[in-house]
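For reference, the structure is listed below as structure tokens.
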4 protein chains.
Amino acid sequence: MLFDIQPDSPVPIYEQIVARILFAVASGALEPGTRVPSVRELAGHLVVNPNTVARAYQDLERQGVLVSRRGLGMEVSADAPRTCRTQRQDIVRGRIREALREAVSSALAPEEIRRLVDEELERVNGRGGRHREK
Amino acid sequence: MLFDIQPDSPVPIYEQIVARILFAVASGALEPGTRVPSVRELAGHLVVNPNTVARAYQDLERQGVLVSRRGLGMEVSADAPRTCRTQRQDIVRGRIREALREAVSSALAPEEIRRLVDEELERVNGRGGRHREK
Amino acid sequence: MLFDIQPDSPVPIYEQIVARILFAVASGALEPGTRVPSVRELAGHLVVNPNTVARAYQDLERQGVLVSRRGLGMEVSADAPRTCRTQRQDIVRGRIREALREAVSSALAPEEIRRLVDEELERVNGRGGRHREK
Amino acid sequence: MLFDIQPDSPVPIYEQIVARILFAVASGALEPGTRVPSVRELAGHLVVNPNTVARAYQDLERQGVLVSRRGLGMEVSADAPRTCRTQRQDIVRGRIREALREAVSSALAPEEIRRLVDEELERVNGRGGRHREK
DNA sequence: GTGGTCTAGACCACG
DNA sequence: GTGGTCTAGACCACC
């Protein structure tokens with residue numbers, strides 16, 4: 001459960017935290033019943049203000065991903081994995097869709113867009129070529 | 001030179017305007033020497049605050065895409081097409097890269113990412129699909 | 001749209017603000033499209049920290065009651081009345097249910113509970129006796 | 001003297017314990033001179049932190065409901081029943097008053113409030129309903 | 001120890 | 001002018 005954030009990113013720190021935990025739950029790295037680091041602990045680790053972490057945790061609680069155990073901290077809720085998996089896919093798909101929509105609106109040729117996508121896919125995904133899945 | 005903007009999009013209105021003009025130049029729809037609408041005119045057409053259009057024009061002027069002809073408004077600069085074409089590709093590639101980077105950081109399986117990308121590619125642009133060349 | 005809050009209540013200030021606005025929308029006092037006071041303005045009026053008002057507004061935005069018009073402030077959303085009316089009833093009913101559940105768990109006689117409820121109903125509701133609705 | 005508490009309720013666990021014991025005394029289920037379970041015993045039974053039970057007992061001792069018999073634990077005081085009966089009514093009435101006050105402040109129509117109250121009264125305690133005396 | 005709320009004051013992006 | 005984010009530091013209730 002250790003990760004770090006990019007303080008200079010345009011995306012707010014608390015959203016970065018939300019996404020990290022959401023993804024961790026979706027991937028199974030964080031299981032239901034697991035306690036997340038305390039607000040102060042995580043804030044110390046990330047070198048951010050505790051309020052920022054608290055806000056992220058509150059968001060996750062409102063989404064039903066975390067539940068607060070009074071006086072004991074917060075833990076991953078029972079049905080968080082289901083929620084998070086669908087959310088994760090929605091988020092990722094949404095970003096991809098946005099990027100492609102902009103590509104189309106730029107009047108780039110479809111083949112050109114496809115080329116850019118493929119280049120970036122291979123770049124980000126090592127040898128993950130289309131027909132050579134391990 | 002007619003387009004519209006989405007006031008409820010997360011991307012700032014002035015950036016939407018910048019991108020639209022930049023793309024129009026890159027695609028050849030706006031040629032060097034062409035005068036762009038006045039700030040007031042475009043603001044009226046888009047139903048946005050004139051300050052917003054002004055800021056977009058400022059940005060474009062700083063980038064060298066527009067040049068102001070004193071007393072006459074602004075027009076597309078001579079070497080705008082070259083600038084805009086490379087910019088366009090950079091912008092589009094950047095957005096795609098970001099989206100894919102997030103996909104990877106979400107711990108989605110590479111095949112799953114590939115699947116999402118393909119779905120969205122076909123969705124946004126049927127003819128460009130790999131498996132359905134018209 | 002003027003109201004005040006009770007700083008010494010056990011219920012958090014930002015929740016009081018949320019409830020006030022939610023109730024105002026439910027009752028029709030605040031109609032869709034109406035702009036709510038700016039964060040700073042309301043904070044000044046209530047003599048609380050702007051952050052506190054901002055938090056209330058964010059909650060309302062997340063609930064879909066308010067929508068943010070960039071640079072212009074926040075206004076009541078189109079379908080807020082529907083949302084708020086059902087929410088209002090849920091909230092009020094929930095509180096009543098809780099109170100009565102506790103009454104039952106106290107092993108007070110049912111007639112006694114009924115008596116208490118009637119006393120308080122008339123107290124809070126003037127001459128609003130059961131069979132004498134004006 | 002067996003009861004259980006709801007760890008996820010908004011009302012603090014120690015208050016739940018206090019109320020339960022207070023109600024038990026008021027209803028005659030716990031008589032003066034009766035020994036209450038030890039802190040550890042009750043904590044074990046309720047699966048809560050012993051500190052929480054201790055705090056509840058402290059509160060009850062301060063109210064004069066329990067008295068500590070040194071070395072023997074705590075027992076119900078001689079005049080606890082009288083105290084508890086009036087307290088019980090005050091507590092219950094207070095909660096009802098609060099709920100109704102909120103209902104009024106929500107600008108719900110008086111008839112509507114009356115309807116909600118009646119529905120919940122019958123729900124929680126069928127025989128006590130005004131229109132359906134068994 | 002835990003989270004929850006509030007204040008004060010700062011900086012930023014947007015219109 | 002608007003809201004959004006972040007920091008710093010305080011106090012509280014609960015376990």
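Since the model is a prediction, treat every value here as computed from it, not as a measurement. Within every chain, numbering begins at 1; the chains are lettered A, B, ... in the order of the sequence lines, protein sequences first and strands thereafter.
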* To do: Quickly work out the C/L72 CG to E/dG15 P distance and round it to whole Å.
  => 8 Å
* Asked: What is the distance, rounded to the nearest whole Å, between atom CG of B/D8 and atom P of E/dC14?
  -> 15 Å
* Does NZ or CZ of B/R55 come closer than 6.0 Å to the centre of the six-membered ring of B/Y14, within 45° of the ring's axis? -> yes
* **Residue whose closest nucleotide on DNA chain E lies nearer the 5' end, B/N51 versus C/R40** => C/R40
* Closest nucleotide of DNA chain E for C/P50 versus for B/P10: which of these residues is on the 5' side? -> C/P50
Does [X] reach the main-chain N or O of [Y] with its side chain, forming a donor-acceptor pair under 3.5 Å?
X: C/R88; Y: D/S106; result: yes
X: C/S9; Y: C/Q6; result: no
X: D/S77; Y: D/G64; result: yes
X: A/H45; Y: A/F3; result: yes

* Asked: For C/E98, what residues pass the salt bridge (charged side-chain N to carboxylate O under 4.0 Å, His left out) criterion, not counting sequence neighbours?
  -> none
* Just jot down the salt bridge (charged side-chain N to carboxylate O under 4.0 Å, His left out) partners of B/R97, sequence neighbours excluded, or say none. => A/E120
* Structure fact -> The complete set of salt bridge (Lys or Arg N to Asp or Glu O under 4.0 Å) pairs with one or both residues in residues 41-53 of chain B, sequence neighbours excluded, reads none
* Structure fact -> Residue pairs passing the salt bridge (Lys or Arg N to Asp or Glu O under 4.0 Å) test with at least one member in residues 58-71 of chain D, sequence neighbours excluded, are D/D59-D/R62, D/R69-D/E75
* Assign A/N49 to base, sugar-phosphate, or nothing according to its heavy-atom contacts below 4.0 angstrom with the strands shown. => base
* To do: Mind checking C/E61 for me? I need base, sugar-phosphate or nothing, with any heavy atom below 4.0 Å counting as a touch.
  => sugar-phosphate
* Using heavy atoms to find the nearest nucleotide of DNA chain F for A/R70 and C/M74 separately, return the residue whose nucleotide is more 5′. => C/M74
* Asked: Quick one: on DNA chain F, does A/G71 or C/S68 contact a more 5' nucleotide (nearest heavy atom)?
  -> C/S68
* Asked: What dot-bracket string describes DNA chain F from 5' to 3', counting Watson-Crick and G-U wobble pairs whose defining distances are under 3.5 Å, with [ ] for crossing pairs and | for pairs to another strand?
  -> ||||||||||||||.
* To do: Please list, in 5' to 3' order, the outermost nucleotides of DNA chain F lying under 4.0 Å from any heavy atom of chain A.
  => F/dT5 to F/dC15
